[in-house]
Amino acid sequence: MKRTRHTSWPSTVLAIIFLAIMIFPIYWMVNASFQSNSAAQSSTIFPIHPTLSGYRVALSQQGGNLVTSLIISLGTVVLSLAIATPAAYALAKFRIKGTNVIMLALLITQMIPGIVIANSLYTAFNNLHLLNNYFGLILADASNCIPFSVILISAFMRSIPDSLVEAARVDGAGDLRAFRSVVLPVSRNSVITAGLFSFLFTWSDFLFALTLTSTTAVRPVTLGIYNYLSANVQQWAPVMATAVLASIPAMVLLLAAQKYIAAGALGGAIK
Amino acid sequence: MSTTSVDHPATRGAAAAAVPGEPRRRPSWLTREGPRWLFLAPAIAYMVLFFGYPVVKNVTMSLQHYTASTFFTGQAPWVGFQNYVTVVKSSLFTTTIVNTALFTLGSIVGQFVLGMLLALFFRRRFPLSNLLRGLLLMPWLLPLIASSAVWKWILDQDSGVLNQLLGVFHLSAVPWLVSPHIALLSIVLVNVWLGIPFNVTILYSGLQEIPTELYEAAELDGAGGWNMFWHITWPSLKSVVTVVLVLGVVYTLKVLDIILGLTGGGPANSTQTLTTNSYQTSFTLFHFGQGAAISNILILVSLVFALIYLRFAARSNTE
Amino acid sequence: MRGARKGALVGTVAVAALSALALTGCSSGGSSGGSGSSGSTSGGAKTSIAVEDYYTQPTTGIMDKVYQACAAEENVKVTSSHVPGAGFIPKVLQQASSKTLPDVLMLDNPNVKQIAQTGALSPLSDYGISAKGFAPAIAQAGSYDGKVYALAPAINTIDLIYNTTMFQEAGITTPPTTWAELQTDAQKLTKKGVYGFAFSADNDGEGTWQFLPFMWSNGGTETDITTAPTVQALQFLTGMIQKGTVSKSVVNWGQSDVLNQFLAGKAAMMINGPWEFPQLSAQKKIVWKQSPIPTRTASQTLQSPLGGETFTVPNTGDKTKMAAAGKLVKCILSPANQAKIAASEGDVPGQISVATSFAQSHPLYAAIATSVKTARARTAKLGAKWPATQTAINVAEQTAFSGKASPKAALQQANSQKEQ
């Protein structure tokens, strides 16, 4: 309550102005999705003759792809967090010999260009019959998200005071119980943030979607959107309509997740 | 399951007093350290399985004469460091190094400063703050193909919205993506736009970790805004800031699609970075060995930053 | 809340894993083995052929119909996959290295020699397909080492398209035939908000493609881009930009962007190809006509580049499938299918006789049908070495157009960079 001693509406206005600048390209995308010839030269700043043709095409053809993207993204988040969170804790708190080497290795994995990974994965997945299915894509996308999540979460976990964990030990808890009942709740912010970005990385992934699928059986929306872009003819209205439609469910999920990034998760625990 | 680990007062005391890294008296993998490796094992297995082979393959590819034929026949004669020599000696190399450095520096500074300002700003509670903070993530939700097309239109010299806006203020149109001198600045701006959500969200999470009591106490002592930032916020955020910066550098060095979408590396190679050059050398010119060499040089550059990060993280661990 | 977190986590992982596995079962029914190995024959069952191309809508609709019709004719089962252009070549390479190339592979004509050189393709003569009657440039692009590996059912090239209303208003009665006329006409047509002439000079290969008619017709050659005729051609276009009759933004425009400029009334003349005719015909705002691309002098012959996708039969090692694939390609190349594909894509048929009769029923394409007879393949002289020169020409263009260097210096710089 001391925070809000400045009148809050000017802050809102300021935020809205800055956001307007940040979001303007998205406004333009929405604008373009309602126009039939949506390239810069012929589109207007406001859809004077709005048409739903872009959306009609997008909904009828990309609906399934949207669900596919959702399933893959959510699956990746679950898998990544399940593997990354314990690892992050181990690296932050267990003082294992070689922590630095592992951290360095994790960082190196983030430096490898995606196409290099994709090429190797194609051959391997082909032999394992993991092409064209959800599980394969989840595995591939998780490989991108796990190192990032470990790095991020362990950075946050490093600031958890040892006394907190020791207190749990005094009560007779082992490593796993301490992790589950003390460390995880206190790391809520970082875990949710890591989950958020895992979702976003996977949602916007194009490379693995392209490499690891060859049929329309499993086609994430980032790939489906190319259906309207050929070498010669580019239909931007359905592209923009798909982009807008694709962002709605994702935005709903993200807004829900953001609510949980709350203040003082750590502060409360110390008391 | 967790209560089976030995938790005598004796071992507990010994463990708590042990200096990190000191060898233990009994085989460590049998006692506490045993189940501890299980925390880490799945992640390590994942990394080895998914990244081990590609890394090795990329290094060997850079030491071979690898062409399109190799994909079909599997034959690639060894040429040692010839690819690296060719790449470094090419006149395009200096251009790409300079462009990469400027691009990375500009992007990181822009993203971080703006991200930090926004994160600090959003700490205040005001109506709609949650919704607005969520909306900030929109740039990441949109497929890059769509975003880069929109930015190309916005930055179009003749009919783009940005130049039209400048026209309203009687400023002359800027050749955003057309002039070799300005194109790099333009892609930095777009990359900053893309990078702000990443920085804001992580920094905001970090800020939320700082106990409010510290600020309340400082306020009682009469501390002002800048003092509170410098003496409370900044020190507490150090590890988060380092993560954001090092990951930011690593990811920015890897940026490919947005540059290809906006300018393709042009005009006249003015936006050609190490990554775009590596991609084009491999997939347009089919000189895969050289492309791999360039990407390995890039990884080395990233590695330098990573080592600096680890130094910093190790130091803050002992604080 | 505290203790439940890990339990909830484990629970959700289990659910996700189970649902993923269940979905795996649902989705990998037909095609989990990559595109080259789906299904096989067993005494009497149909051979299964996989076709791969980079088409998108609406072309995929027509092409799939053609594939299926040919499949019915040849009594084989065909599955087609369409890989977006951005990732097509990397995909082909991945498939080559994992030995999962499709049975019929579409390739853009400038890529054929590169892929043929790797040994991944089989000669079309093995299947009784010959290049007889096809436009000479197709055989040029589609052969390697004396054998024909690829042929195109539908081809195109580029020409000059102009806005007749703007011509009337400017008092121009005939379209330009020489560079000097192009220059003066563009100057007359340029006014506030309108550029007299527009073409593509961007990075994606389209820039070089549109420069070639100017370069070749003047006597320039791709084997040495520093010769005087090429410099002259580049100087001409650079001059137009400097005079303000062409927008500097051409370095960032693809052919689609050029079309949009023309359709928005922001360019009076443009260089583009017949694949845009469907879009041009569908709108009523701009009235337009075509004309051959001007040459420097009236006595020079126009040489424009060949465009169009070819079909090939990769070396998958499976003799039965390759034979069936060959039959399928033969069917795709049949005159009836040539006309069908050309009509849907906005191209002209690849065989000259078929093109001539096509032009009679599609008068809009008559001019193109004539030009493709004398079109030139980009890879004819350089073969697999073409991509490096394509990039060099484009870099030189952009350097000269943006004023960074003179056309002569730009070409020399780009050429020396290419040698490395």
Side-chain angles (χ1 to χ4, degrees), chain A residues 3-4 8 11-12 15 19 23 25-26 28-29 40-41 83-84 86-87 89-90 94-95 97 100 103-104 107 109-113 116-117 120 143 146 150-152 155 158-159 172 174-177 189-190 193 200 204 222 225 239-240 243 247 250-251 254-255 258-259 261 263-264 266-267, chain B residues 1-3 5 7 12 20-21 35-36 39-40 42-43 46-47 50-51 53-55 57-58 124-128 130 132-138 140-143 145-147 150-151 153-154 156 159-160 201-202 205 208-209 211-213 239-240 243 250 254 295 299 302 306 310 314 317:
Chain A
R3 282 288 159 65
T4 53
S8 20
S11 298
T12 311
L19 258 168
I23 304 272
I26 292 144
W28 198 255
M29 214 173 288
Q41 299 77 13
I83 296 184
Y89 177 55
F94 284 177
R95 300 205 187 110
K97 267 188 277 193
N100 271 354
M103 287 298 273
L104 187 65
L107 272 169
T109 64
Q110 298 298 282
M111 301 171 195
I112 318 269
V116 174
I117 315 280
S120 316
S143 75
I146 290 175
V150 174
I151 296 173
L152 185 68
R158 225 170 267 131
S159 47
D175 283 324
L176 198 57
R177 178 84 80 75
N189 284 358
S190 55
T193 309
L200 288 170
S204 52
T222 40
I225 216 174
V239 171
M240 296 303 161
S247 54
M251 178 52 54
L254 287 177
L255 283 175
Q258 287 258 61
K259 281 216 176 86
I261 302 184
L266 183 60
Chain B
M1 172 162 121
S2 49
T3 48
S5 61
D7 268 314
R12 238 189 316 148
R36 287 193 153 185
F39 275 69
L40 206 46
Y46 222 101
M47 264 174 27
F50 280 83
F51 293 97
Y53 177 66
V55 172
K57 180 105 202 269
N58 207 37
R124 306 181 213 179
R125 292 256 204 88
F126 53 87
L128 295 182
N130 263 340
L132 293 174
R133 205 161 35 84
L135 282 179
L136 266 181
L137 285 170
M138 289 267 343
W140 275 50
L141 280 180
L142 305 160
I145 181 79
S147 315
V150 170
W151 273 106
W153 299 341
I154 293 179
D156 187 62
S159 27
T201 314
I202 298 182
S205 281
Q208 294 298 76
E209 299 281 295
T212 50
E213 296 81 33
S239 68
V240 174
V243 166
V250 169
K254 252 195 344 181
S295 71
I299 294 178
S302 281
L310 281 177
N317 234 351

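Proteins come first, then strands; the chains are lettered A, B, ... in the order of their sequence lines, and each starts at number 1.
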#### Entry: Exercise: identify the closest heavy-atom pair between B:Ile299 and A:Pro113
CD1-CD, 4.4 Å
### Which atom of B:Tyr53 lies closest to which atom of A:Ser120, heavy atoms considered
CD2-CB, 3.7 Å
### Query
By a 4.5 Å heavy-atom criterion (distance strictly below it), what part of A:Ile151 contacts chain B: side chain, backbone, both, or neither?
both
#### Entry: Atom group of A:Leu104 that falls short of 4.5 Å from chain B, counting heavy atoms
both
### Taking every non-hydrogen atom, the tightest pair across B:Val243 and A:Ala155
CG2-CB, 3.0 Å
### Task
Nearest 0.5 Å please: distance from the OG1 atom of A:Thr109 over to the CZ atom of B:Phe51.
4.5 Å
### Query
Where on B:Phe50 is there a heavy atom nearer than 4.5 Å to chain A: the side chain, the backbone, both, or neither?
both
### Residues which pass side chain to side chain donor-acceptor pair (under 3.5 Å) with A:Ser190, listed by chain and number, not counting sequence neighbours
none
### Query
Which class fits the ring pair A:Phe94 and B:Phe39: parallel under 30°, tilted 30 to 60°, perpendicular over 60°?
perpendicular
### Message
Using 0.5 Å steps for rounding, measure from the CG atom of A:Leu254 to the CG atom of B:Leu136.
### Response
12.0 Å
### Query
How many angstroms lie between CH2 in B:Trp153 and CE in A:Met29, if you round to the nearest 0.5 Å?
8.5 Å
### Chi angles and distances behind the side-chain contact (heavy atoms from CB on, under 4.5 Å) call for A:Met240, B:Val150
CA-CA 9 Å; A:Met240 296 303 161; B:Val150 170; 3.7 Å; yes
### Task
Side chain from CB out, backbone as N, CA, C, O: work out which of these in A:Ala84 comes under 4.5 Å of a heavy atom of chain B, or both, or neither.
neither
## Note on the structure
What one should report as the nearest heavy-atom pair of B:Ala146 and A:Val239 is CB-CG1, 4.5 Å
### Task
Mind checking the OH-OG spacing from B:Tyr46 to A:Ser143? Nearest 0.5 Å is all I need.
6.0 Å
## Note on the structure
Nearest heavy-atom contact between B:Leu141 and A:Ser247 is CD1-O, 3.7 Å
### Query
Atom CG in B:Leu142, atom CD1 in A:Ile26: separation rounded to 0.5 Å?
5.0 Å
### Query
What are the two closest non-hydrogen atoms of B:Pro143 and A:Thr222, and how far apart are they?
CB-CG2, 4.5 Å
#### Entry: Set of side-chain contact (heavy atoms from CB on, under 4.5 Å) partners for A:Leu255, sequence neighbours left out
A:Met251, B:Leu131
### Query
Is it the side chain or the backbone of B:Trp151 that comes within 4.5 Å of chain A heavy atoms, both, or neither?
side chain
### Task
Return the option, out of B:Ala306, B:Pro42, B:Ser205, B:Ser147, with the maximum number of heavy-atom pairs under 4.5 Å with chain A.
B:Ser205
### Task
Using atom types as modelled and distance alone, determine if a side-chain donor or acceptor of B:Lys57 lies under 3.5 Å from a backbone N or O of A:Ile117.
no
#### Entry: Gap between atom CD of B:Glu209 and atom CG of A:Asn189 - 0.5 Å precision
4.5 Å
### Task
Against chain A, label B:Met47 side chain, backbone, both or neither, depending on which of its atoms sit under 4.5 Å from a heavy atom there.
side chain
